[in-house]
Each structure stands twice: as structure tokens, then as C-alpha cells.
Amino acid sequence: MDERPGSSTGPAADTAADPRAGLDPRAELSEFLRTRRARLKPEDVGLPDYGRHRRVPGLRREELAQLAGVSVAYYTRLEQGNGRNVSAEVLDAIARALRLSDAEHAHLTHLAKPKRHKKKPAARTEQVRPAMRQLLDTIDGVPAYITGRRSDIVAWNGMAAAVFGDWSELPAQERNWARLVFLRPDYRELFVEWDQKAYDIVAFLRMDAGCHPDDPRLSALVGELSVKSEEFRRLWAIHDVKEKSYGVKRLRHPLVGELTLNFESFRLTDGTEQNLITYHPEPGSPSAEALRLLASWGADATKAGTSASA
């Protein structure tokens with residue numbers, strides 16, 4: 001069986017060829033395992049490397065099966081997308097053999113043993129608890145917003161609008177980080193490390209897809225972005241996954257210049273799958289002074305910033 005990276009055999013082929021075809025859990029599982037296996041070298045796991053005799057990059061299936069302590073036939077069925085009867089213990093062993101991160105391990109579990117979600121009509125926009133909206137309004141001088149499923153932006157404070165643009169001027173369906181980052185040139189200018197921001201957004205969407213493979217709105221979003229953005233297609237095909245966490249973002253603001261802000265992500269525990277994200281500067285830094293300047297301008301900063309970025 002041909003298992004080269006460009007091979008079109010197996011259940012993942014249709015999704016790879018046409019991302020608009022939908023998010024088939026079997027295809028997602030197959031491609032995820034194949035790409036994780038391909039990134040490992042024999043020497044990474046203590047196996048001999050036979051150099052020119054190795055025809056494919058990464059580990060062979062039989063090598064991975066040996067490391068995980070399962071039969072080659074069993075692992076092959078799993079990599080072909082058949083995870084129906086796989087146990088948690090076997091998934092743990094495969095995750096260790098593949099050296100998966102915690103996020104990747106969780107993603108593998110979601111793909112192999114998907115949860116059944118009750119079908120219900122999809123609301124146009126996610127609801128944010130009134131107390132969370134009040135909290136956003138009380139966070140003074142710091143950009144803060146709430147994201148929901150599919151990287152949708154569902155609530156924000158005035159400083160977020162001053163830094164990122166006034167999202168209230170966009171239709172609800174356009175308030176989405178993936179759409180903004182891949183389809184809006186002004187956001188490409190806003191993020192100094194745009195490539196990293198783009199990678200992160202796609203990795204977040206991959207995690208979401210693993211949890212909700214039957215989400216038609218997510219499928220439609222992936223399909224649209226795959227058609228409109230070659231960069232999105234390339235990143236989506238990598239199958240990397242990531243949880244929202246913390247870090248540093250450098251922004252190129254049209255009014256106050258470059259900003260260096262620390263961001264933190266807080267997962268809400270109310271069952272909504274929403275995240276609160278805040279950005280704050282180092283005390284006494286030029287970025288802190290720039291944020292104070294934007295805050296002093298109030299609504300004028302939002303209007304001017306939106307106009308300049310457009």
C-alpha cells in the first residue's frame with residue numbers, strides 16, 4: 001500500500017482533495033494519524049535509520065505499531081479511520097508512541113471516539129451571559145473580548161474595538177477571527193507576526209472540528225476559506241491542533257504604532273465553550289502609554305482606528 005505523504009488512498013483522500021466535502025470523522029482520524037507519524041524520525045524514538053533504504057518520511061506503520069504495543073493490522077485499521085472499538089488504553093499507547101501533546105491527545109480521542117451531540121437548530125449568534133458582558137465593560141484600559149465556537153467573536157469591550165477595529169460595524173457572520181485574518185488585508189497588516197496568528201487560528205479550528213465534526217456551519221466556514229485562501233488550505237492540510245492559552249502578540253496599530261501585548265485566555269466554565277481573552281502591556285512600557293492614549297480618546301479612537309485600517 002502506498003503511504004507517501006502525497007498518496008490519495010484511504011478515506012482521507014476526498015477531504016484532502018475537496019475540503020468543502022465536509023468533515024468526515026474517519027477521514028480526519030486517518031489524516032491526523034498519518035501526519036503525526038510522518039513527522040517522527042526513527043532516531044527520535046530510538047529506532048535504527050536505514051538511510052537510503054527508507055522510501056517514506058517518518059515512521060513506518062509497523063514501527064509505530066511496535067512502539068505502541070499493538071499489531072500492525074490493528075494500527076492499520078485505526079489509521080484507515082476505523083476507531084469504532086478502540087479502547088482508551090490503546091489510544092493512550094498510540095499517543096505516547098507518537099509523542100502527542102495534550103491537545104493532540106485530546107484531539108485523537110475526539111476523532112476516534114466522537115461524542116454524539118443532540119441535533120438542535122443552530123442559533124444565528126451565540127448568547128453571552130449578561131454578567132460576562134458587564135465584566136467586559138468593567139475591564140478598563142485593557143482590550144478584552146469573548147470568542148465562541150468556530151473562532152466567532154461574540155462580545156468585546158471598548159478597548160478591544162479601539163485596538164482591533166469596531167466589530168459592531170460588521171455583519172454578525174463576519175465577526176470571526178478566521179475570516180478576518182485570512183480574508184481582510186487590514187488584519188494582515190495589524191499582526192506583525194501574521195503567519196503565527198494564521199497558524200494559531202487554523203489549529204484552534206482543527207480542535208473545534210474534532211469536537212464537532214457534524215457542525216454544518218464549521219464545515220461551511222472551512223469550505224469557504226479553503227476556496228478563498230491558499231494559505232488557509234495549506235495550514236488546514238497540516239492537521240496541527242492547539243488549545244487557546246497565553247503568549248505575546250505584536251500589533252501594528254494605525255494610530256499609535258507598534259504594540260507589544262501579553263494575552264491570556266480563560267475558558268468559561270458555563271458549558272458554552274466560550275473563551276475570555278485579554279491583552280495587557282508591561283507596566284511602564286511604550287505599549288502601556290499607547291493604550292492609555294487610546295483609552296483617553298474613547299469612542300474617537302475606535303472611529304479613527306477603524307477608518308485608518310480600512
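Along the sequence shown, residues are numbered consecutively beginning with 1.
Of the inter-residue distances, the one linking Leu98 atom CG with Leu59 atom CG reads 7.5 Å to the nearest 0.5 angstrom. Here CZ of Phe266 is found 12.0 Å from OH of Tyr246. Values are rounded to the nearest 0.5 Å. Taking CG from Asp200 and CG from Leu205, the interatomic distance works out to 11.0 Å, rounded to the nearest 0.5 Å. Summarising the geometry, atom CZ belonging to Arg149 is positioned 12.0 Å from atom CG belonging to Asn176; distances are rounded to the nearest 0.5 Å. To the nearest 0.5 angstrom, Ser287 atom OG is 11.0 Å from His280 atom NE2. Once rounded to the nearest 0.5 Å, the distance linking CD of Gln274 with CG of Asp152 reads 10.0 Å.
Relative orientation of the Trp177 and Tyr145 rings is tilted, given thresholds of 30° and 60° on the angle between their planes.
The pair Asp24-Arg26 does not count as a salt bridge, with every side-chain nitrogen at least 4.0 angstrom from each carboxylate oxygen. A salt bridge is defined here as a Lys NZ or Arg NE, NH1 or NH2 lying under 4.0 Å from an Asp or Glu carboxylate O, and Glu174 with Arg184 fails to meet this definition.
Remark: Pro25 engages Pro213 in a side chain to side chain contact (heavy atoms under 4.5 Å, CB included) (not counting sequence neighbours). For Arg292, the side chain to side chain contact (heavy atoms under 4.5 Å, CB included) partners are Ala288, Glu289, not counting sequence neighbours. Residues forming a side chain to side chain contact (heavy atoms under 4.5 Å, CB included) with Glu189 (at least two apart in sequence, or on another chain): Arg252. When the side chain to side chain donor-acceptor pair (under 3.5 Å) test is applied to Arg39, the partners found at least two apart in sequence or on another chain are Glu104. The side chain to side chain donor-acceptor pair (under 3.5 Å) check on Asn157 picks up nothing, with sequence neighbours excluded. With sequence neighbours excluded, the residues satisfying side chain to side chain contact (heavy atoms under 4.5 Å, CB included) with Asn275 are Thr147, Lys244, Arg267, Ile277. Looking at residues two or more places apart in sequence or on another chain, you find a salt bridge (charged side-chain N to carboxylate O under 4.0 Å, His left out) between Asp240 and Arg36. For Arg188, the side chain to side chain donor-acceptor pair (under 3.5 Å) test picks out Glu231, with sequence neighbours left out. Under the salt bridge (charged side-chain N to carboxylate O under 4.0 Å, His left out) criterion, Asp195 pairs with no residue at all, not counting sequence neighbours. Checked against salt bridge (charged side-chain N to carboxylate O under 4.0 Å, His left out), Glu258 has the following partners two or more places apart in sequence or in another chain: Arg250. By the side chain to side chain donor-acceptor pair (under 3.5 Å) test, Lys41 pairs with no residue at all, sequence neighbours left out.
The backbone N or O of Gln173 lies less than 3.5 Å from a partner atom in the side chain of Arg179, making a donor-acceptor pair. Without hydrogens or angle criteria, Arg175 side chain to Trp167 main chain gives a donor-acceptor distance under 3.5 Å. No donor-acceptor pair under 3.5 Å is formed between the side chain of His107 and the backbone N or O of His239. No donor-acceptor distance shorter than 3.5 angstrom exists from the side chain of Trp156 to the backbone of Ser168, with no hydrogens or angles considered. Between the side chain of Ser226 and the backbone N or O of Val222 there is at least one donor-acceptor pair closer than 3.5 Å.
Heavy atoms only, all atoms of each residue included: Ala209 and Trp236 are closest at CB-CH2, 4.2 Å.
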Please output the side-chain donor-acceptor pairs of residues 130-144 that fall under 3.5 Å, not counting sequence neighbours, one pair per line with the distance.
{"unit_1": "Thr138", "atom_1": "OG1", "unit_2": "Gln134", "atom_2": "O", "d": "3.4"}
{"unit_1": "Thr138", "atom_1": "OG1", "unit_2": "Leu135", "atom_2": "O", "d": "2.7"}

